[in-house]
Amino acid sequence: MALTMALAATAQAEDVEVLHWWTAGGEAAALNVLKDDLQAQGIGWLDMPVAGGGGEAAMTALRARVTAGDAPTAVQMLGFDILDWANQPDVLADLSAVATAENWDAVIPAAIQKFSKPNGTWIAAPVNVHSTNWVWANKAVLDELGIAEPTTWDEFIAALQTAKDAGKVALAHGGQPWQEATIFDSAVLATGGAEFYQKSMIDLDPEALGSEQMVQAFDKMAQMRSFVDDNFSGRDWNLASAMVINGEAAFQIMGDWAKGEFINAGKVPGTDFLCFRVPGTEGNVTFNSDQFVMFKQAEDAAATAQNAMATAIESPAFQIAFNKVKGSVPARTDVPSDEFDDCAKKGMEQLAAAAEAGTLLGSMGHGHANPAAVKNAMYDVITAHFNGEYDSATAAEELVAAVEAAQ
Ligand code: BGC
């Protein structure tokens with residue numbers, strides 16, 4: 001019995017062992033689309049889930065596996081983490097042959113290729129594009145309270161206040177650093193637009209990081225803090241989504257993986273829930289893209305399975321089937337939007353428009369603005385401020401110091 005179990009848990013070369021953090025209901029449903037697709041091709045799946053939104057815990061688990069000489073076959077990864085691994089000699093598999101044969105160069109947008117094809121070599125297969133500056137709202141709650149969809153930051157604050165006064169949880173939130181950082185993407189954008197976001201979050205300009213505008217961004221975070229419930233600390237993001245789904249809360253600011261939870265619960269956009277950009281951030285999109293990075297394996301057969309997985313991921317049919325469930329939009333620009341729901345259609349249009357206008361920006365909260373060391377330093381300051389350790393002016397000063405120390 002013990003032997004059978006041990007054998008069952010060992011990946012064969014022609015199988016894939018996949019490390020990921022898709023453990024919430026909507027995420028698991030999306031993952032099943034990939035699992036089933038591969039299984040239909042005779043590729044087995046050994047699951048290595050590491051819970052924790054944003055993937056920090058997954059990245060820690062990955063480092064331990066690679067250090068032990070036992071890298072998984074394929075790993076879900078975000079932006080700058082991919083670049084970090086790309087700089088390690090001889091660790092990653094090269095997907096260039098598949099990418100060239102399938103012409104990924106022509107269909108994957110440049111903003112994503114920056115991470116999938118560093119130094120001219122394809123090392124990751126992008127699954128999707130998510131974006132973080134979204135609000136998810138319970139439509140029945142809004143209707144009952146006479147709240148119209150807010151279009152400015154001040155209207156949003158007024159709507160949150162109405163919900164709070166009516167005894168609802170105004171803002172469903174989970175107190176975890178990455179969730180606060182997710183809101184921070186929007187606080188920075190709503191304060192100073194794309195230019196300020198670029199200067200502070202991406203260029204890491206100390207002046208922008210310590211500016212009066214940054215103080216105002218922290219003030220927006222403090223406003224949000226006043227609308228969360230007493231039990232927010234440590235709550236998982238999908239439980240916060242559930243509070244909006246079941247009408248306990250009015251709003252959640254979260255990336256569009258939250259839509260996966262609404263869809264998984266049988267909810268319909270426009271009827272049961274609303275999706276709109278965080279008021280004050282319209283026209284800008286803070287994006288992140290989940291990619292699968294393949295790690296070199298001892299057996300040659302593993303490369304066959306890895307290439308098959310990469311091919312499956314980039315197939316247009318898979319991009320549609322998967323992203324409809326996940327809440328994201330396709331990583332390919334040539335996939336038609338007609339089969340997608342209204343939130344995704346809106347997301348696809350806004351993504352294309354932002355790319356055109358130069359307002360498509362990498363999400364700091366989700367590893368697409370700056371390297372992990374800087375991101376984690378920012379997380380610490382943002383969370384400390386959210387929990388009342390710093391006032392906004394001190395937080396901006398601390399941000400400058402933390403970013404400097406992390407570089
Ligand atoms: C990932 C999403 C995931 C979310 C919450 C993000 O960083 O890109 O795919 O659903 O974290 O776990």
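Atom set for the values below is all heavy atoms of this structure, side chains included, hydrogens, waters and symmetry mates excluded. As the structure lists them, so they are numbered: ligands from 1, and atoms in each ligand from 1.
- Around CD of Gln407, the count of heavy atoms belonging to other residues, nucleotides or ligands within 6.0 Å exceeds 12.
- Side-chain atoms of Thr162 come within 3.5 Å of backbone N or O of Ala158 as a donor-acceptor pair.
- Between Gly55 and ligand 1 there is no heavy-atom distance shorter than 4.0 Å.
- Scanning the protein for heavy atoms near atom 1 (C) of ligand 1, the closest one is Asp290 OD1, 3.3 Å.
- Checked against the 6.0 Å centroid criterion, the rings of Trp134 and Phe287 do not qualify as a close aromatic pair.
- Residue Asn128 has no nitrogen or oxygen atom sitting less than 3.5 Å from a nitrogen or oxygen atom of ligand 1, judged on distance alone.
- Protein heavy atom at the shortest distance from atom 7 (O) of ligand 1 is His366 ND1, 2.8 Å.
- For atom 12 (O) of ligand 1, the closest heavy atom belonging to the protein is Glu27 OE2, 2.8 Å.
- Listed by number with element, the atoms of ligand 1 under 4.0 angstrom from any heavy atom of His130 are 2 (C), 8 (O), 9 (O).
- Each of the following atoms of ligand 1 lies closer than 4.0 Å to a heavy atom of Trp237: 5 (C), 12 (O).
- Less than 4.0 angstrom separates some heavy atom of Gly53 from each of these atoms of ligand 1: 5 (C), 12 (O).
- Below 3.5 Å of separation, one finds no N or O of Trp257 facing any N or O of ligand 1.
- Taking the centre of each ring, Phe227 and His173 stay at or above the 6.0 Å mark.
- Heavy-atom contacts from other residues, nucleotides or ligands closer than 6.0 Å to CD of Glu207 number 12 or fewer.
- When Asp47, Val75, Asp290 are each tested for a side-chain contact (heavy atoms from CB on, under 4.5 Å) with His20, only one passes: Asp47.
- Here the options are Leu361, Leu189, Asp256, the test is side-chain contact (heavy atoms from CB on, under 4.5 Å), and the partner is Asn133; only Leu189 passes.
- Contacts between Leu78 and ligand 1 below 4.0 angstrom, taking non-hydrogen atoms only, involve the side chain exclusively.
- Each of the atoms 2 (C), 3 (C), 9 (O), 10 (O) of ligand 1 lies under 4.0 Å from some heavy atom of Lys326.
- Ring planes of Trp85 and Phe295: perpendicular class, angle over 60° (limits at 30 and 60°).
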